Every structure is written in structure tokens, then in C-alpha cells.
Peer 1: 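Structure provided below as C-alpha cells; questions to follow.
These values consider heavy atoms only, across backbone and side chains, with no hydrogens, waters or symmetry-generated copies. From a predicted model like this one, the values you see are computed outputs, not experimental measurements.
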Amino acid sequence: LLNGAVVAHPVGAFDTFTPFVLTQGFVPGINTLDFVVTNAAGPACNPSGLRVELNSSVDSADLSLALTDNPDPVAIGADLTYAMTVTNVGPNAASSVAVDQQLPSGVTFVSASSSLGSCNLSGSVVTCALGTMSANATATLSVVVRPTAAGTLVTTATVAAGLADPNPGNNSKNASTTVQANGIDLVETAISNPPASVARGGSFGVTETVANVGSVAAGASMTRYYLS
């Protein structure tokens with residue numbers, strides 16, 4: 001009996017035993033193998049109480065995933081970047097590592113890249129195939145989208161591999177992002193008065209103060225002056 005399940009192994013004479021090999025039925029940890037003698041003239045018995053305990057191990061790799069969104073909040077039409085980090089905590093190398101990210105509705109896909117393998121978009125799911133990751137290896141991923149409407153965006157990313165994971169609780173992460181319709185609001189708060197007149201070939205300076213009173217950071221901005 002292997003872990004209580006019958007493993008038939010007929011023998012010839014009572015005093016002989018043929019070596020055998022078991023390849024199935026094992027579980028991680030302690031396995032018990034009981035030898036039971038069956039007798040045509042009576043019930044099955046185990047007169048010697050022979051039991052063998054085997055310690056079986058299974059290769060595993062603990063993959064962890066981290067996910068961030070930037071910026072948050074973000075304005076409609078601005079780039080929103082999802083940055084992900086995949087780490088193989090070990091103890092073994094993991095093969096066929098892949099990350100799937102479900103993009104939220106209300107975004108336009110821009111790009112996806114990874115430091116290992118490659119990424120592609122199918123429908124609304126970005127899949128990055130990272131290949132084999134050795135123990136303690138790390139991969140970084142970047143997915144860029146542009147929101148098309150105000151509201152809240154929620155995305156989910158999950159990492160998996162072709163090996164048992166002893167800690168699946170760190171394989172999936174969510175990110176929530178607020179999209180604002182008028183996130184950038186530039187206001188001219190002060191400007192110095194230019195001189196009343198300037199001689200031909202002369203010059204003058206103007207000092208201007210501009211503030212962003214919105215809730216989203218503004219990129220490069222430009223001020224134009226019209227002379228009359």
C-alpha cells in the first residue's frame with residue numbers, strides 16, 4: 001500500500017521477493033509504503049508490520065509580481081504607464097514564465113515591453129512570455145496606455161509558470177487609477193509690464209509667473225507673446 005492505495009505486486013514463493021519500481025502515487029513530504037501479505041487461505045495480513053517512510057520533494061519556484069501605475073491621477077489622453085517586476089524567489093528555476101495583464105475598458109493601447117522575452121496584445125489582454133527564469137532572477141515589464149474617458153481604471157496582472165508555486169498568493173496584483181477630465185490647469189498669475197516704447201534695435205524683458213492649479217502634473221509648456 002502506497003499512502004493507503006493498493007499497489008499490486010505478485011510474488012512467487014513465499015520466501016522470495018522481486019525488486020520493483022514505483023513511479024506514481026507519491027506526494028510532497030512523507031510517503032508511507034506498507035507491505036501486506038495476502039494468503040489464499042486467509043485474510044490479508046501484515047505479520048511483520050513492515051512500513052517504509054519516504055520523503056518526496058517536488059521542484060517548485062516562488063514567483064512574485066509587483067505592479068504600479070504612474071501617474072495617478074492621470075488626464076484623459078495622457079500616457080499611463082503600468083510598471084511590473086517579476087521575481088523568481090526560488091528555490092528552483094522556472095520555465096515558461098508568462099505575465100497576463102487584463103487592460104481596463106476606456107483605454108487605448110500604446111506599447112508593451114519586457115527585459116526578458118517579448119509582449120503582445122490579444123484583444124484586451126497583454127501577454128509577456130518571459131521564458132525561463134533562474135532562481136533569484138528578475139524581469140521588468142512596461143505597459144503604456146492612454147485613457148479615453150474620466151473615471152476609475154482597474155487592471156489585473158498575473159504571473160504563472162510551468163512549475164509548482166509554493167506561494168501563489170503573490171502571483172497576482174491589481175492597480176486602480178483615477179482619470180480626470182481637466183487634470184491640467186495652467187494659470188498666468190503675474191506678468192511684468194513692458195516699457196512704453198523701445199528704440200530701434202533695443203531690447204526689453206518680461207517676467208511671467210505661471211502656475212498649474214490642476215491636480216495632474218503638466219509636461220513641457222510654452223508661452224507665446226504677440227507684439228503690436
Peer 1: Out of curiosity, Asn92 CG to Asp62 CG, how far, rounded to the nearest 0.5 Å?
Peer 2: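 The CG atom of Asp62 is 11.5 Å from CG of Asn92, to the nearest 0.5 Å.
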
Peer 1: Is there a side-chain contact between Asp165 and Asn171 (heavy atoms, below 4.5 Å)?
Peer 2: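 Touching, per the 4.5 Å side-chain cut-off.
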
Peer 1: When rounded to the nearest 0.5 angstrom, what distance separates CG in Leu116 from SG in Cys128?
Peer 2: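 Leu116 atom CG to Cys128 atom SG measures 10.5 Å (nearest 0.5 Å).
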
Peer 1: Quick one: OG on Ser111 to CG on Leu121, what's the gap to the nearest 0.5 Å?
Peer 2: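 If we round to the nearest 0.5 Å, Ser111:OG and Leu121:CG are 11.0 Å apart.
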
Peer 1: Same cluster or not: are Val125 and Val154 linked, directly or through other Ile, Leu, Val, Met, Phe, Trp or Tyr residues, by side-chain heavy atoms under 4.5 angstrom apart?
Peer 2: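 Val125 and Val154: separate clusters.
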
Peer 1: Measure the OG-CG distance between Ser105 and Leu153 for me, rounded to the nearest 0.5 Å.
Peer 2: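 Taking OG in Ser105 and CG in Leu153, the distance rounds to 7.5 Å.
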
Peer 1: From Leu65 CG over to Thr87 OG1, what is the distance, rounded to the nearest 0.5 angstrom?
Peer 2: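 Atom-to-atom, Leu65:CG and Thr87:OG1 are 9.0 Å apart.
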
Peer 1: At what distance, to the nearest 0.5 angstrom, does CE of Met84 lie from OG of Ser114?
Peer 2: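 Going from CE on Met84 over to OG on Ser114, the span is 8.5 Å.
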
Peer 1: Is the backbone of Ala137 close enough, under 3.5 Å, to the side chain of Asn88 for a donor and an acceptor to pair up by distance?
Peer 2: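 Side chain of Asn88 to backbone of Ala137: no pair is present.
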
Peer 1: Should Ile76 and Leu80 be regarded as members of a common hydrophobic cluster, given that ILVMFWY residues are connected when their side-chain heavy atoms come within less than 4.5 Å of each other, either directly or indirectly?
Peer 2: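 Yes, one cluster joins them.
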
Peer 1: With a 3.5 Å cut-off and no angle check, do the side chains of Asp72 and Thr177 form a donor-acceptor pair?
Peer 2: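 Distance-only check fails for Asp72 and Thr177.
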
Peer 1: As a test of understanding, state which of Thr127, Thr156, Thr158 forms a side chain to side chain donor-acceptor pair (under 3.5 Å) with Asp100.
Peer 2: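 The option that passes is Thr127.
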
Peer 1: Using modelled atom types and a 3.5 Å cut-off, is there a donor and acceptor pairing between side-chain atoms of Thr148 and backbone atoms of Gly106?
Peer 2: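 It does hold such a pair.
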
Peer 1: Quick one about Gln102 and Thr155 (side-chain donor to acceptor, distance below 3.5 Å, no hydrogens or angles considered), yes or no?
Peer 2: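 Absent: no donor and acceptor within the cut-off.
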
